[in-house]
Student: 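Before I ask anything, let me first share the structure, which is written out below as structure tokens.
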2 protein chains.
Amino acid sequence: MTTLAALATPSPRSACARSGGPSYCDACKVRPLAVCAALEAGELHELDAIVHQGRVAAKETFIHQGEDATSVFSVVEGTVRLYKLLSDGRRQIVGFAMPGDFLGLALHNRYGFSADAVDAVALCKFDRAEFDRLVSAKPHFLRRLHEFATHELVIAQEQMTLIGRRSAEERIAAFLLMMRDRWARISGASVTVQLPMQRLDIADYLGLTIETVSRTLTRLARDRVILIVPEAVRILDEGRLAQLARS
Amino acid sequence: MTTLAALATPSPRSACARSGGPSYCDACKVRPLAVCAALEAGELHELDAIVHQGRVAAKETFIHQGEDATSVFSVVEGTVRLYKLLSDGRRQIVGFAMPGDFLGLALHNRYGFSADAVDAVALCKFDRAEFDRLVSAKPHFLRRLHEFATHELVIAQEQMTLIGRRSAEERIAAFLLMMRDRWARISGASVTVQLPMQRLDIADYLGLTIETVSRTLTRLARDRVILIVPEAVRILDEGRLAQLARS
DNA sequence: TCGCACGATTGATCTAGCACAAAGACCGTG
DNA sequence: CACGGTCTTTGTGCTAGATCAATCGTGCGA
């Protein structure tokens with residue numbers, strides 16, 4: 001198992017014994033299709049030639065805002081938080097990256113945010129220059145990335161609306177439904193919403209304080225809209241939740 | 001001069017008498033390079049084959065959230081506000097588009113926001129299908145659009161941080177400096193920040209109320225940080241403003 | 001089994017920004 | 001140049017959510 005240190009200095013490809021196909025080594029516990037949910041087999045095969053893999057322990061930071069953007073990542077397992085820090089410590093989480101998501105796609109010289117692992121994370125790491133070369137040579141691949149980027153933009157605009165114009169209760173409701181839908185894409189529909197991140201992360205994502213998040217969840221539980229369980233929330237009254245979240 | 005009606009039903013290209021080069025007709029008062037500041041002459045020439053032009057009067061809406069995304073636009077003159085409306089009338093402006101900016105790039109079937117003209121606006125309008133065909137055929141062009149989209153994403157993430165974690169005064173200071181920088185790209189540096197949008201637009205962009213925007217500007221003016229003039233603000237103490245806005 | 005550390009919850013109070021209301025300021029029009 | 005509409009400013013409470021401060025689990029290592 002590779003560590004963050006191994007990520008920073010990518011291990012040679014031979015470290016992962018592979019059969020030559022678009023499969024990843026068992027040692028890394030990486031499922032090939034998870035590199036990017038939107039990619040097709042042929043595209044994966046191309047990526048396969050330039051990928052480095054690794055794992056990041058919970059709470060470790062592997063992208064530092066302002067540093068040279070030398071890598072592009074995709075999440076294979078686990079949850080990553082992307083955030084901006086103000087000089088006085090205030091933090092805004094601008095997104096959670098989950099299996100299939102890309103990080104660091106912006107064509108800038110420096111990372112615009114920091115990123116660290118919420119829980120244990122498995123990553124694919126690509127050298128930026130190699131990645132760019134591949135992308136330039138394969139228009140269909142660039143098109144996928146462009147789709148991914150514009151989709152991220154749509155989500156970012158919804159998030160602005162959520163933070164700028166909605167009450168705490170509405171933000172929490174929308175957050176729970178969003179997390180439910182994201183997990184549904186990965187592991188199938190469920191009334192149980194996995195919440196690997198802690199309350200402080202939810203607060204910093206929604207522009208609230210940890211106390212407000214806690215109180216709001218407690219109130220929703222008291223009203224029998226949700227049931228709070230460790231690391232998760234069970235949705236009891238989806239209609240009511242959707243009504244609170246609706247635009 | 002074409003109107004919104006003419007935009008909705010694009011006038012035949014012959015309506016604009018052109019010499020065949022990458023120049024636009026005088027009647028439309030459109031400067032070719034303004035189609036997109038990031039594009040080069042060759043790329044403009046390609047766009048030239050599929051462009052339709054028109055003008056939108058102040059306050060007219062030309063993109064309706066949720067409708068079929070049949071067109072891509074670029075702003076040539078004036079300022080456009082992009083916004084999302086909640087069912088109860090709350091509004092979040094997710095961005096202002098100014099000369100050189102593209103609108104409706106997201107590869108979705110429906111527009112994710114509404115857009116209307118803040119002041120008199122000149123637009124280039126492209127049929128989405130034709131635009132997509134051109135983009136697919138010209139990888140360098142797709143790359144430009146991807147750059148534009150990722151840049152928009154970076155801006156959206158900064159905006160999230162602004163709205164989610166900063167005080168009213170910090171938001172206003174950052175907004176003024178941002179507007180100053182955007183105009184600088186178009187018409188050169190100046191201590192006078194043009195503000196074509198009204199207070200309510202600024203409020204809905206920053207997640208504040210009109211009263212808070214007005215009071216905050218008044219306070220900055222009382223403290224001799226800015227000078228309020230019609231349709232604009234003059235920056236008197238840039239250092240102080242930057243200090244308030246800094247991350 | 002204890003104790004300690006970390007996260008979550010709950011309580012009490014405070015305040016930045018909101019909501020409502022009433023003047024101003026400005027501008028085009030008859 | 002008076003009138004009406006629109007936008008902005010200013011004044012006065014009010015409240016959602018922040019802040020400060022205890023608890024209250026829960027897991028884990030000695």
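The figures here come from the full heavy-atom set of this structure, side chains too, leaving out hydrogens, waters and symmetry mates.
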Student: Between Phe126(B) and Phe102(B), how do the two ring planes meet: parallel, tilted or perpendicular, split at 30° and 60°?
Tutor: tilted

Student: Using a heavy-atom distance cut-off of less than 4.0 Å, which residues of residues 79-93 of chain B contact DNA chain C?
Tutor: none

Student: If you look only at distance, which donor and acceptor atoms sit under 3.5 Å apart when one is on a side chain in residues 148-155 of chain B and the other is two or more places apart or in another chain?
Tutor:
unit_1    : atom_1 : unit_2    : atom_2 : d
Thr150(B) : OG1    : His146(B) : O      : 3.2
Thr150(B) : OG1    : Glu147(B) : O      : 3.0

Student: 5' to 3' on DNA chain C, which nucleotides open and close the contacts with chain A (atom under 4.0 Å from a heavy atom)?
Tutor: dG7(C) to dA12(C)

Student: If you look only at distance, which donor and acceptor atoms sit under 3.5 Å apart when one is on a side chain in residues 209-219 of chain B and the other is two or more places apart or in another chain?
Tutor:
unit_1    : atom_1 : unit_2    : atom_2 : d
Thr209(B) : OG1    : Thr212(B) : N      : 3.3
Thr209(B) : OG1    : Thr212(B) : OG1    : 3.1
Thr216(B) : OG1    : Thr212(B) : O      : 2.6
Thr218(B) : OG1    : Ser214(B) : O      : 2.7
Arg219(B) : NH1    : Glu169(B) : OE2    : 3.3

Student: Could you pull out all residues at least two apart from Tyr83(B) that satisfy side chain to side chain donor-acceptor pair (under 3.5 Å)?
Tutor: Asp116(B)

Student: Before accepting this row, confirm whether a basic side-chain N of the pair Asp204(A)/Arg81(A) lies closer than 4.0 Å to the acidic partner's carboxylate O.
Tutor: no

Student: Check whether more than 12 heavy atoms from other residues, nucleotides or ligands sit under 6.0 Å from atom CD of Glu238(B), and answer yes or no.
Tutor: no

Student: Could you tell me the separation between the CD atom of Glu231(B) and the C1' atom of dT6(D), rounded to a whole number of Å?
Tutor: 13 Å

Student: Can a side chain N or O of Lys59(B) be found less than 4.0 Å away from OP1 or OP2 on dC7(D)?
Tutor: yes

Student: Do nucleotides 10-22 of chain D as a string where each nucleotide becomes B, S or -: B if the base has a protein heavy atom under 4.0 Å, S if just the sugar-phosphate does, - if no protein is that close.
Tutor: BBB----SSBB--

Student: Answer whether the closest heavy-atom distance between the side chains of Val80(B) and Phe62(B) falls below 4.5 Å.
Tutor: yes

Student: Report the distance from atom OH of Tyr111(A) to atom NZ of Lys84(A), rounding to the nearest 0.5 Å.
Tutor: 14.5 Å

Student: Do the charged groups of Arg165(A) and Glu170(A) touch, with an N to O distance under 4.0 Å?
Tutor: no

Student: Near Arg234(A) CZ, under 6.0 Å, is it more than 12 heavy atoms from other residues, nucleotides or ligands?
Tutor: no

